[in-house]
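Just so you know, these numbers come straight off a predicted model, no measurement behind them.
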Number of protein chains: 2
Amino acid sequence: MKLTEQKRMQILDAAEELFHSSGVEHTSMDQLALQAKVSKRTVYNHFATKDALFQAILQRMFNKLAQGGEVRFNVAEPIDQQLRSIAQDEVTLLSSAAFLRVAKIAIMQVMQRPELAQLMSDSSLGCKRYIDNFLTDACSAGVLQITDIPFAGKQFIYQLKSFVFYPSLFGLEQQTPAQQAHIINEAIALFLARYQAK
Amino acid sequence: MKLTEQKRMQILDAAEELFHSSGVEHTSMDQLALQAKVSKRTVYNHFATKDALFQAILQRMFNKLAQGGEVRFNVAEPIDQQLRSIAQDEVTLLSSAAFLRVAKIAIMQVMQRPELAQLMSDSSLGCKRYIDNFLTDACSAGVLQITDIPFAGKQFIYQLKSFVFYPSLFGLEQQTPAQQAHIINEAIALFLARYQAK
DNA sequence: CGATATAAACTACACCGTGCAGTTTACATA
DNA sequence: TATGTAAACTGCACGGTGTAGTTTATATCG
């Protein structure tokens with residue numbers, strides 16, 4: 001790898017690490033250069049300002065997370081099994097270190113600078129991308145009965161987010177895999193009790 | 001009121017206002033004194049450091065919010081009506097400017113200094129205080145059928161939080177009263193579909 | 001008169017971003 | 001393989017700015 005690319009990586013890695021552990025505000029460029037084992041001048045040769053570096057970090061982290069399969073509705077498979085598959089993917093994402101990092105950094109910035117809020121809502125990660133289509137197909141097939149599909153989709157995702165994501169984000173607690181399985185089961189039970197076609 | 005108490009109030013009011021609108025970090029003590037219409041030295045006569053002032057603010061805001069009625073289960077009243085009453089109180093709290101202020105300030109600090117996380121989870125506000133008792137009574141009366149009561153209570157509260165609180169916190173959107181009513185109705189429908197005794 | 005408030009200047013420090021002289025690296029050409 | 005060159009990196013000092021907290025001299029209130 002070219003040297004300059006190597007240095008750039010070191011800078012981004014250090015920034016990701018420090019922005020996460022100390023917050024963007026509390027990370028000085030001197031500290032960052034030290035951690036990256038790069039001179040401060042080199043940091044500024046790659047990124048004009050601290051903010052540019054922050055933008056680049058967010059972009060890189062989003063790209064890392066953007067991968068991930070899409071689940072499409074399958075008439076032949078039991079609905080609870082399909083929902084479980086979706087939920088498991090989502091919980092894996094929501095509790096992954098990578099996702100928690102970018103979320104923490106992004107949310108801290110958004111709360112300090114509300115004008116960036118749109119950035120967050122626009123970015124569509126995980127099952128949010130395809131859940132509406134999935135539910136629509138399931139309704140068409142007569143498996144589910146939902147009047148407000150986007151709302152129901154949110155209800156499902158929010159269950160997982162509330163139990164898995166926010167507690168981790170705020171440093172309150174981590175779930176064991178057994179607890180995660182319980183959360184998924186109950187989210188599905190709740191959802192199907194309301195929306196499964198009879 | 002004694003003058004010194006009056007000044008103290010002015011300082012706390014200004015701090016609450018500025019800490020919320022600009023964040024703790026971005027609020028300077030000069031700015032704060034200006035807004036409080038008080039000299040900077042007076043600020044320091046009341047609060048030794050910026051951090052002490054911050055602690056006092058948090059304490060005062062929590063005390064303001066700690067009030068709030070408790071709903072107890074009533075066999076004679078329909079369960080959906082009682083849940084609606086609880087949910088309405090909760091949504092009113094979660095969307096109140098006062099609650100959003102303290103939450104924003106507190107969460108930002110918690111995310112920057114994870115060692116303070118316990119502070120948040122300990123403080124019990126709103127229906128979180130009494131919902132377990134309520135659900136236990138409703139189960140005993142045979143109105144609801146729940147195996148894991150604390151978990152079910154969270155499921156209910158998290159519905160409201162996810163739709164009302166977090167979007168406001170992150171500056172994404174505010175709900176109209178009509179939307180809030182819809183959220184409450186659907187949260188109850190979801191909950192009862194799963195847990196109402198048949 | 002004594003306690004308290006005020007305004008303004010001051011100290012001490014941390015941080016962003018720049019300039020520059022000198023060194024290292026990558027690489028092409030002889 | 002040796003050498004030249006351009007691009008990139010380094011280290012350090014520095015200007016400018018913002019801010020926590022202090023000091024000092026003065027005014028005001030009870």
Side-chain angles (χ1 to χ4, degrees), chain A residues 1-60 105-106 108-109 111-116, chain B residues 1-60 104-106 108-109 111-113 115-116:
Chain A
M1 184 189 297
K2 291 177 69 170
L3 178 65
T4 180
E5 280 306 309
Q6 171 65 32
K7 298 286 177 183
R8 191 188 178 85
M9 278 295 179
Q10 289 176 28
I11 294 167
L12 287 170
D13 289 343
E16 185 173 323
E17 166 71 26
L18 290 178
F19 284 177
H20 173 256
S21 66
S22 312
V24 179
E25 304 291 324
H26 286 73
T27 300
S28 78
M29 296 301 264
D30 291 281
Q31 197 185 351
L32 196 147
L34 192 70
Q35 165 106 9
K37 288 174 180 151
V38 148
S39 82
K40 185 162 74 156
R41 206 62 189 79
T42 298
V43 175
Y44 278 100
N45 284 339
H46 282 279
F47 305 97
T49 66
K50 191 179 183 179
D51 204 70
L53 175 54
F54 168 69
Q55 303 284 350
I57 278 291
L58 272 197
Q59 197 55 57
R60 190 179 75 148
I105 294 173
M108 278 174 59
Q109 284 296 303
M111 289 180 74
Q112 272 174 21
R113 295 163 51 183
E115 73 273 14
L116 300 180
Chain B
M1 184 189 296
K2 289 176 67 173
L3 179 62
T4 177
E5 278 307 310
Q6 172 63 32
K7 297 285 176 185
R8 189 189 178 85
M9 278 296 177
Q10 288 177 30
I11 294 167
L12 287 169
D13 289 343
E16 184 174 324
E17 165 72 25
L18 291 178
F19 284 176
H20 173 257
S21 66
S22 312
V24 179
E25 305 293 324
H26 288 75
T27 299
S28 76
M29 296 300 265
D30 290 282
Q31 199 184 349
L32 196 147
L34 191 70
Q35 166 106 10
K37 289 175 181 151
V38 146
S39 82
K40 186 158 73 147
R41 196 61 188 84
T42 299
V43 176
Y44 278 101
N45 283 338
H46 282 280
F47 305 97
T49 67
K50 191 179 184 179
D51 205 70
L53 174 56
F54 168 69
Q55 302 286 349
I57 279 291
L58 225 50
Q59 196 57 55
R60 191 180 76 148
K104 183 176 168 185
I105 295 172
M108 278 176 59
Q109 286 297 307
M111 289 180 76
Q112 273 173 21
R113 294 160 53 180
E115 71 273 13
L116 300 181

- Query: What is the distance from CD of B/Gln31 to P of D/dT19, rounded to the nearest Å?
  - Reply: 7 Å

- Message: Heavy atoms only, 4.0 Å cut-off, all strands: where does A/Thr42 land among base, sugar-phosphate and nothing?
- Response: base

- Determine whether A/Leu53 and A/Leu32 make a side-chain contact, defined as any pair of heavy atoms from C-beta on separated by less than 4.5 Å. yes

- Task: Would you kindly give the CZ-to-P distance between A/Phe47 and D/dC9, to the nearest whole Å?
- Result: 11 Å

- To the nearest angstrom, how far is A/Leu34 atom CG from D/dG11 atom P? 10 Å

- Task: Report yes if some heavy atom in the side chain of B/Gln10 is under 4.5 Å from a heavy atom in the side chain of B/His46; otherwise report no.
- Result: no

- DNA chain C nearest-nucleotide lookup for A/Ser28 and B/Asn45: closer to the 5′ end is B/Asn45

- Would you say D/dC9 has OP1 or OP2 under 4.0 Å from some side-chain N or O of A/His46? yes

- Is A/Lys7 near enough to D/dC9 that one of its side-chain N or O atoms lies under 4.0 angstrom from OP1 or OP2? no

- Note, B/Asp13 side chain near B/Gln35 side chain (heavy atom, < 4.5 Å): no

- Rounded to whole angstroms, how far apart are CE on A/Met29 and P on D/dC12? 19 Å

- Task: Answer yes or no: side-chain N or O of B/Arg41 and base N or O of D/dG21 forming a donor-acceptor pair under 3.5 Å.
- Result: no

- Integer-rounded Å distance: D/dC12 C1' and A/Tyr44 OH: 15 Å

- B/Ile11 has an atom CD1; how far is it from atom C1' of C/dT6, in whole Å? 13 Å

- Answer yes or no: does a side-chain N or O of B/Ser39 lie under 4.0 Å from OP1 or OP2 of C/dA8? no

- Message: Between A/Thr4 and D/dA8, is there a contact of a side-chain N or O with OP1 or OP2 at under 4.0 Å?
- Response: no

- Message: Looking at the base of D/dG11, is there any donor atom on it, or on the side chain of A/Lys40, that sits under 3.5 Å from an acceptor on the other one?
- Response: no

- Query: Rounded to the nearest Å, what distance is computed from the CD atom of residue B/Gln6 to the C1' atom of nucleotide D/dT28?
  - Reply: 16 Å

- Under 4.5 Å between any side-chain heavy atoms of B/Leu12 and B/Glu16, yes or no? no

